[in-house]
Amino acid sequence: MGLQGRHKSLDKHVKRSVAWIEAIPSVTKVVLGFSESCRHRYPPGHIRFKLNVRGGFKVNAYSGNGVTDIFIKIDPIEDRELVKALIIDRFGDL
């Protein structure tokens, strides 16, 4: 599955994390949103749940350069909590 969205460039740590998310069977699409340069307290490659939206949910991906907004489309939508639990198990809930 290829990356989609406004751009396709990602930090190498975030790229590995996104590849892991894409390998989850219920995830049908990963769409990259805006990327902002800023300081943060998370290690590079960390994925953090942001909010539920129609069709999936949004997460923040933290790199050494800043934060990238990512939309994850889930199908069937009933698996949303399962996918969210997998992400929290892997990255923790900081």
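Computed from heavy atoms alone, side chains included, the values below leave out hydrogens, waters and symmetry copies.
- Residues meeting the ring-ring contact (aromatic ring centres under 6.0 Å, His included) test with His40, sequence neighbours left out: Tyr62.
- In terms of modelled atom types and a separation under 3.5 Å, the side chain of Ser17 and the main chain of Gly45 share a donor-acceptor contact.
- Separation of atoms CZ (Arg16) and CD1 (Ile21) is listed at 14.0 Å; rounding is to 0.5 Å.
- A distance of 8.5 Å separates CD1 of Ile77 from CZ of Phe57, quoted to the nearest 0.5 Å.
- Among all heavy-atom pairs drawn from Ile70 and Ala61, the shortest one is CD1-CB, 3.6 Å.
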Note to self: Could you go through Asn60 and Asp69, starting from their C-alpha distance and side-chain angles, then the distance that decides it, and tell me whether this counts as side chain to side chain contact (heavy atoms under 4.5 Å, CB included)?
What the structure shows: CA-CA 5 Å; Asn60 282 339; Asp69 185 47; 3.9 Å; yes
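- You'll find the side chain of Trp20 reaches within 4.5 Å of the side chain of Ile87, heavy atoms only.
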For this session: Apply the test side chain to side chain contact (heavy atoms under 4.5 Å, CB included) to residues Leu86 and Ile24: give CA-CA distance (whole Å), side-chain angles for both, the deciding distance (0.1 Å), then the verdict.
Result: CA-CA 9 Å; Leu86 288 172; Ile24 298 172; 4.1 Å; yes
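- Partners of Lys73 under the salt bridge (charged side-chain N to carboxylate O under 4.0 Å, His left out) rule, at least two apart in sequence or in another chain, do not exist in this structure.
- To the nearest 0.5 Å, atom OG1 of residue Thr28 and atom CD of residue Glu22 are 10.5 Å apart.
- In terms of hydrophobic clustering, with Ile, Leu, Val, Met, Phe, Trp and Tyr side chains grouped at heavy-atom distances under 4.5 Å, Val31 and Leu51 are assigned to a common cluster.
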Show the numbers, then the answer: is there a side chain to side chain contact (heavy atoms under 4.5 Å, CB included) between Arg90 and Ile47?
CA-CA 9 Å; Arg90 168 126 181 191; Ile47 303 288; over 6 Å; no
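- Residue-environment remark: NZ (Lys58) stays at or below the threshold of 12 foreign heavy atoms within 6.0 Å.
- Interatomic distance, CZ of Phe71 versus NZ of Lys50, reported as 12.0 Å (0.5 Å rounding).
- Between Ile74 atom CD1 and Leu82 atom CG the span is 9.0 Å, to the nearest 0.5 Å.
- With values rounded to the nearest 0.5 angstrom, Phe49 atom CZ is found 9.5 Å from Ile72 atom CD1.
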